[in-house]
Amino acid sequence: MSEPNFYDLVYQVVRLIPPGRVTSYGAVANYLGTKGSARMVGYAMQACGTADPPVPAHRVVNSQGLLTGKFHFGGNRMEQMLASEGVIVINDKVQDFKKVFWDPAIELAL
DNA sequence: CCCGTGACGACAT
DNA sequence: TATGTCGCCACGG
């Protein structure tokens, strides 16, 4: 429908992230074709609260698996939500990040 | 139209 | 390996 906005496009991809999995801003940006705009992905997350249905932004972390945006969730809320889905987070860092990593450019390409 | 901002990423030192 | 700096693109004022 109509021209897909960058934000909307990001929301769509993030909503496709299965529970117990996480992805990185750069991976989403790469899938969108704007790999250089990883910051824009996070920026879009800030406005995700206005999107409907809601976006599981807590499943999106940086390349290091660090919960850089946890501060925007309200403290440990992001960490708890991830842990609730089976993602182990210690010290604001995703454990086995490599295993729980979900790359849209690969998973969706299949 | 111009400037600043930003939940990142890669490179250089 | 750790720290610092630049580049990136979209959006708001």
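So that the names make sense, note that chain A is the first sequence line, chain B the second, and so on, each numbered from 1.
- Between Tyr7(A) atom OH and dA10(C) atom C1' the separation is 6 Å, expressed in whole Å.
- Between Ile17(A) and the options Val28(A), Val60(A), Val22(A), a side-chain contact (heavy atoms from CB on, under 4.5 Å) holds for only Val60(A).
- Residues passing the side chain to side chain contact (heavy atoms under 4.5 Å, CB included) test with Tyr43(A) are Tyr7(A), Met40(A), Gln46(A), sequence neighbours excluded.
- Residue Ile88(A) belongs to a hydrophobic cluster whose other members are Ile90(A), with links defined by side-chain heavy atoms closer than 4.5 Å.
- Qualifying side chain to side chain contact (heavy atoms under 4.5 Å, CB included) partners for Ala83(A), counting only residues two or more places apart in sequence or in other chains: none.
- Under the side-chain hydrogen bond (donor to acceptor under 3.5 Å, both in side chains) criterion, Ser24(A) pairs with no residue, sequence neighbours left out.
- Partners of Phe6(A) by ring-ring contact (aromatic ring centres under 6.0 Å, His included), not counting sequence neighbours: none found.
- Sorted by first and then second residue, the salt bridge (Lys or Arg N to Asp or Glu O under 4.0 Å) pairs with a member in residues 7-25 of chain A form an empty list; sequence neighbours excluded.
- Going from atom CZ of Phe6(A) over to atom P of dC8(C) covers 15 Å, rounded to whole Å.
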Practice prompt. Can you check each nucleotide of nucleotides 7-13 of chain B against protein heavy atoms at under 4.0 Å and return B for base, S for sugar-phosphate only, - for none, in 5' to 3' order?
Written response: BBS----
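- Near DNA chain B, meaning a heavy atom under 4.0 Å away, there are no residues from residues 79-98 of chain A.
- Taking the side chain to side chain contact (heavy atoms under 4.5 Å, CB included) definition, one finds that Lys93(A) meets it with Leu66(A), Gln95(A), sequence neighbours left out.
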